[in-house]
Enquirer: 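My questions will all concern the structure given below.
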Amino acid sequence: MRIRTFVAAAGLLGVLLPALPAAALVQFPYDLDNMPMGNFPGVEDVDWNADGLFDAPPAHYLFRHLGATDGYVKMADGLDMYIFGFLDLAGMPNADTMMMMNKGEFPAPTLEFKEGDHVYLNLSNLGMPVRPDLFDAHTVHFHGFPQAAPVFDGEPMASFGINMGSDLTYYYRIVEPGTYMYHCHVEATEHMEMGMLGNLVVRPAQDGSAVGGFTKFAYNDGDGTSGYDVEAILQFSEFDPAFHEADEKAQPLRFAELEGRYFLLNGRGYPDTVDAGAIANAGGDPTLKLHAIVEANQGQRILIRLSNLSVMGYATIEFGGLPAKVVGKCAKLLRGPDGKDLTYSANSVHIGPGQSYDVIINTTAVPRGTYFLYSRNLHHLHNDRMDRGGAMTEIRIN
Amino acid sequence: MRLTAPKALRIVLTAVTLLLGSAAAHAAVVDVKLRAVEGVTTMPDGRSVPFWGFSRYSTATLTASTLPGPTITVGNGDTVRFTIRNDLPVPVSIMVPGQLFTPPAKILDSTAAAGLPAKSRVRSFNAEVAPGQEIAAVATFASVKPGTYLYQSGTNPAVQVPMGLYGALVVTSGSAGQTYPAALGKAPSAFDHEAQPVLFGEILGRYDTSLTPPAYVTLNEEVTAAPTVPRSTVDYRPIYHLINGKAFPDGNDIDVPAAVAPATTSRSLLRLLNAGSRDVVPSILGNYFSIIAEDGNLLTYARQEHSPILPAGKTLDAILVRDTAKGFFPLFDRRLGIDNAGATLGGMMTFLGDTSCSPAKGDIVGSDGKITYTDVLALLRAYVDGGSVAAADVWPLDASGLPCGDGATTIMDVLLVLQKASGRNPY
Amino acid sequence: MRMRRLLCQVMIAALFGLAASTVPSPWMIDGVTGSTFNLIADSGRVVTPDGSSLPFWGYGLASSGKPQYPGPTLIVNQGDTVTIQLTNRLAEEVSLMIPGVQMSSATAPVYPQGSRSQLTSLVPAASGGGGTRSYTFTASRPGTFYYQSGSNQKIQLRMGLFGAIVVRPTQNSTTKTIDIAAQRLNDPANPGVAAVSRSYTRFAYEDGDGSTGYDREFLFLVSEMDPNFQHWVEFDRPLGKPFDFSKWKANYWFINGRAAPDTMAMPNVPWLPSQPYNCMPLFHPAERVLLRFINMGQDFHPFHTHGNHMLAVAEDGRLLSTNPGAAGADLAWEAFTVTLAPGKTIDALFQWTGRGLGWDFYDHGSEDMPAPYEPLDEHAMRKAFAVNTSPGNPPASGQSLPVIMPRPDEQTLGIHWSGSPFLGSNAELPVGEGGFNPFSGYFYMWHSHSERELTNNNIFPGGFLTMAGVVPWPMGWPNVPDNLDESDMYAPMAGM
């Protein structure tokens, strides 16, 4: 059966939607008024305590709505690159979500939670209009989620993916603080290379209380080891333009020849990493929304949350030549089973795909000025044929 | 924790050293004059490869550059002031990752290759020296902290560092026999012997199929032919893999001696640095590294590893602990950077241990790298004349089969070297 | 189609094998025990799931006369004097070296006829064409090690001349009791969970306090091949043609010598004659699973476990401890993705309990009844682990699952999906779906996170992945003998 193209015309899905039973679109419990997802996060239409009346949500209940589709991003050398991507559909009526086809962002919207939250993450598969022949499902894999169960783990061989035109809700009870990441796990090599990757941060319960002179922390350290003033969230990834072009033009995907030529921090190659604004693609959509600037006042402590979702390999990230302290790895405070301090100081971290690091730079004695954080695997410092680019950004000490 | 006598003694010594206030004994200002200039080096397959390197010079004598640059040794707390004379056709600068410095105002330009957008991008991370210029005190690193560091060009590093503009900076602790000022609650960094730094590097190249016959072209050859052309290195791979600028079998084994009675252990300090763009795994056979520091930072707990990860740009300080047994341990890159342009076994390979027990012993005439009958004759003549030849003192063999010798040249030494020359393998 | 069939086979085998809840079996990795091993080195072919046949050189047991990929896993006991007798049937010289172990046999590198430029082997070798050499060491330290050829490594290591060595600690003859209930394997201070004691007689190292105690162990000996290189060795190298080593690039990845989905086939299947070992971790909730990682390739591999973190307790055969033998693994660290570096070994523990999920994954509903396949003693343990609600967090009342599932036609179902989100439960699936989860367990993909490595030379999925299965504790099964061992586990497969 050939799947017809979902044309991104505004009214089309409005025509289709009423044909489907409303219950098919209701993923949350107790959405008693049977309204489409358009009222999400309209909290007034959920009955939380089953008393027949709508209630405000309890504290610590969070709702997020992501869309999965394709799109384009503009590389630092001007190339308009075809991607698959997530985007934020928060507050958007379901009738309108299909208009967001082909507007995927890179990286995916950053998800921020706090220990103790109950998170309902709704994923809408909007389809990929540039590839009308593809009917790929999508998932969200919360990478590193502790004690995961397959139903919400987003790994489709052990569970399932959500088809085009449908929604799926994940539930996460957030219990462990740290730096995580998320990505689609359907046909992982392809979908991840194509850009379905994002940052995910969980803040500790200790946030807000005063410990060791700080009120913001990466972990519940009890002594301020992971305390910081300023935070930067950076994700390393790579793109192979030949692979993206093959996917755009429905050509065979040559996994064997995958080789990175664009090296990215938060989706951009230098100097776009230090462009504070959004960067639009050739079609005018601002699909590169995150910069990679690290900025602090002298004397402040900077927390750099680093992750790597390249499908190809490692990067050795050097922090501008500034000595840094590694306090966390893979969403765990570096502390031994009986409390021994496993933190250590270094100039760089060797970070592999699927790993994360929490690094603190103490700028107390650091002279003011601009330093450059970059991948010390020096062939990463290019945007394809463009010299002096790639996985590099600025650390500004004011 | 039981205290053995040597451990107790070490603790006492540590305490005493602390009392004497080892840290930053008397900080000096050290002026280092470096010249950046093109040089040429030869690979084991005979290929001549140009490079850009540093050399240390005085006002009178301009020295040729070396690959890697010279090891600079200063003291804990010193202020290191670099003067750079730039005899290259491109600007250079100098960085020492891990040592604080005051960065200049951003040095930007928008030069790009044809067809690419001219965007403003940084050219140098630190103050530049233009071609032909000499600038005194162009970069200052004040109150340096002890440990092992790389110095490297901070200009267009993706090209200039692989071209050879790097070297080792060693900052001593101020306490004799201690890598770092002794600190209670940290990994012990005492050593009896310090080996030369082990600096891993590469020469990048690509296989050019447009040539007849197809052959490797090094990045170095292309850059020196057209030094100012904007260049991307994404298509280049390491084709030569170097330890201290040499690919095996060129270069030297590293002397790390066994303990000598009455001592029962010896601790040798090995400073490992990776100046290359690719990560290395320096794997040791027959022993373990005790990794005590990373990037010049003493660890709280030492790590025992036989295959440590040495990523690009990183330094590790390792202690090799030995007993009295002689040994000759292979050290090689387990990422298999162990070929010379693919042709022969080579690359990042060397041996650590008692170089007086090297199985290469016997090649005494004209460093041709082989044991031949010429060597046998010379040895026989020396024996008949009643002399001794340390380089051919191979008998008796040690328990592990190594030709450690006994200090005297005997007929047995002659016989074993003769066997070697005739193709048999007695050691 | 082949993938479905063989996965079905292993699932059914596992179903029967794990029925004996009092004697979890099998628990140990495949290998040969003893203290004297007679090995050969010879050439053969490995089979990959895309139908390729690649030449390899490997060690094998002299008793079988055939090489295998990887070489036989040698399992010895701490304190043993181990002798490996090597007979080399390849044309060039081959040797055997063991990083991390001090040999008692000669170790001098081989410089025939000259000096550095003449180096052929890092250790004494067995000459080609039938040469022999004996290697001896005392297994003074327990842990995970490997042997590989020290001759012409740039060729021989890539061709497959390597194998694993496991040294069992002396502590294995003692019993130690530890608390296995910490949510984080290394966080005994985490409040709210009563301790659950469990005794162990199997340990990875001489920890002194039982902190490396485990229920089951699995080997992950990883390697990779560039088919262009393998074929060059077979056809072009003998003709003197060069190979561009700068372009060496892996396109096949193997765990214990097999590329996915063959990783999940049974061990010793006749259609993989040179690749006897598999990699299919299966375990119960709350069991401590020891993962022995050895990377015999040349690339870094980031190994990621879905389902939970791992606790690394040793590296390069050395316990992560301030005082081995007394302080336990007090320097152990956790990660959800562990770097497997070339030539490095790592020992890590994995445990899944489902604690903290916030919903009842056994689907008791409002009644406190044991679920199907949930034994009463494990029910108590599960209650200790699960944290469903707490004051201030209103329950999703009347529902064990906090969301409504999409309809099956809105889903693309995975083959390991039981139809139900609950452990030990299944539900009706559309015709042709599922089938690879006969015990209604939870499956987790364990894989390299360099996702390009999840392919077999352009074909996805494949390569460096396996599915780890959490098997619900059985209850009400037919009685099975207490001495169930690995051969019994796979006995039902005979004739299938």
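As a basis for the values below, the full set of heavy atoms in this structure was taken, side chains included, without hydrogen atoms, waters or symmetry mates. In what follows, chains carry the letters A, B, and so on, assigned in the order in which the sequence lines appear, proteins first and then strands, with residues in each chain numbered from 1.
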Enquirer: Heavy-atom pairs under 4.5 Å with chain B are the metric here; pick the option from A:Gly369, A:Gly389, A:Pro271 that has the most.
Expert: A:Pro271

Enquirer: Any side-chain heavy atom of A:Leu322 sitting closer than 4.5 Å to one from B:Leu100?
Expert: yes

Enquirer: Given heavy-atom pairs under 4.5 angstrom as the criterion, report whether the side chain, backbone, both or neither of B:Val122 touches chain A.
Expert: both

Enquirer: Can you confirm whether A:Leu306 sits close enough to A:Ile351 that some side-chain heavy atom of one is under 4.5 Å from a side-chain heavy atom of the other?
Expert: yes

Enquirer: Please check this pair: side chain of B:Asp78 against backbone of B:Val80, looking for a donor-acceptor N/O pair closer than 3.5 Å.
Expert: no

Enquirer: So what's closer than 4.5 Å to chain A heavy atoms on B:Leu108: side chain, backbone, both or neither?
Expert: side chain

Enquirer: For the CD1 atom of A:Ile304 and the CG atom of A:Leu373, what is their distance to the nearest 0.5 Å?
Expert: 5.5 Å

Enquirer: Quick check on A:Phe263 against chain B: is it the side chain, the backbone, both or neither that has a heavy atom closer than 4.5 Å?
Expert: side chain

Enquirer: Side chain to side chain contact (heavy atoms under 4.5 Å, CB included) with A:Ile279: which of A:Leu288, A:Val73, A:Leu290?
Expert: A:Leu288

Enquirer: Which pair of heavy atoms, one from B:Gly167 and one from B:Pro68, lies closest together, and at what distance?
Expert: CA-CB, 4.4 Å

Enquirer: Are any of the side-chain heavy atoms of A:Phe239 and A:Phe106 separated by less than 4.5 Å?
Expert: yes

Enquirer: Select one option (side chain, backbone, both, neither) describing which atoms of A:Ala324 are under 4.5 Å from chain B's heavy atoms.
Expert: neither

Enquirer: In Å, rounded to the nearest 0.5 Å, how long is the span from CG of B:Leu219 to CD1 of B:Ile203?
Expert: 10.0 Å

Enquirer: CZ of A:Phe319 to CD1 of A:Ile317: how many Å apart, nearest 0.5 Å?
Expert: 7.0 Å

Enquirer: Of the backbone (N, CA, C, O) and the side chain (C-beta and beyond), which part of B:Leu298 lies under 4.5 Å from a heavy atom of chain A, both, or neither?
Expert: neither

Enquirer: Non-hydrogen atoms of chain A under 4.5 Å away: do they reach the side chain of B:Ala114, the backbone, both or neither?
Expert: backbone

Enquirer: Check each atom of B:Ile107 against the heavy atoms of chain A and say whether the ones under 4.5 Å are side chain, backbone, both or neither.
Expert: neither

Enquirer: Show the pairs of one donor and one acceptor atom, one from chain B and one from chain A, lying under 3.5 Å apart.
Expert:
residue, atom, partner, partner atom, Å
B:Pro97, O, A:Asn347, ND2, 3.2
B:Gly98, N, A:Gly321, O, 2.8
B:Phe101, O, A:Tyr371, OH, 3.1
B:Lys106, NZ, A:Glu394, OE1, 3.2
B:Lys106, NZ, A:Glu394, OE2, 2.9
B:Asp109, OD1, A:Arg388, NH1, 3.0
B:Asp109, OD1, A:Arg388, NH2, 2.5
B:Thr111, O, A:Arg388, NH2, 3.1
B:Lys119, NZ, A:Ala76, O, 3.0
B:Lys119, NZ, A:Asp272, OD1, 2.9
B:Lys119, NZ, A:Asp272, OD2, 3.3
B:Arg121, O, A:Arg388, NH1, 3.3
B:Arg121, NH1, A:Asp387, O, 2.4
B:Arg121, NH1, A:Asp387, OD1, 3.2
B:Arg121, NH1, A:Arg388, O, 3.4
B:Val122, N, A:Tyr270, OH, 2.8
B:Val122, O, A:Arg388, NH1, 3.2
B:Gln152, OE1, A:Arg376, NH2, 3.0
B:Ser232, OG, A:Asp384, O, 2.6
B:Thr233, N, A:His382, NE2, 3.0
B:Thr233, OG1, A:His382, NE2, 2.8
B:Asp235, OD1, A:Arg261, NH1, 2.9
B:Asp235, OD1, A:Arg261, NH2, 3.4
B:Asp235, OD2, A:Arg261, NH2, 3.2
B:Ala275, O, A:Arg376, NH2, 3.1
B:Gly276, O, A:Arg376, NH1, 2.9
B:Ser277, O, A:Asn377, ND2, 2.9
B:Arg278, NH1, A:His379, ND1, 3.4
B:Asp279, OD1, A:Thr316, OG1, 3.2
B:Asp279, OD1, A:Asn377, ND2, 3.2
B:Asp279, OD2, A:His350, NE2, 3.1
B:Asp295, OD2, A:Asn347, N, 2.6
B:Asn297, ND2, A:Ser345, O, 3.2
B:Lys314, NZ, A:Ser348, O, 2.9
B:Lys314, NZ, A:Ser348, OG, 3.1

Enquirer: Please classify the contact of A:Leu342 with chain B as side chain, backbone, both or neither, using a heavy-atom distance under 4.5 Å.
Expert: side chain

Enquirer: Under the side chain to side chain contact (heavy atoms under 4.5 Å, CB included) criterion, do B:Leu88 and B:Leu165 qualify, and how do the steps go?
Expert: CA-CA 11 Å; B:Leu88 293 173; B:Leu165 285 161; 3.9 Å; yes

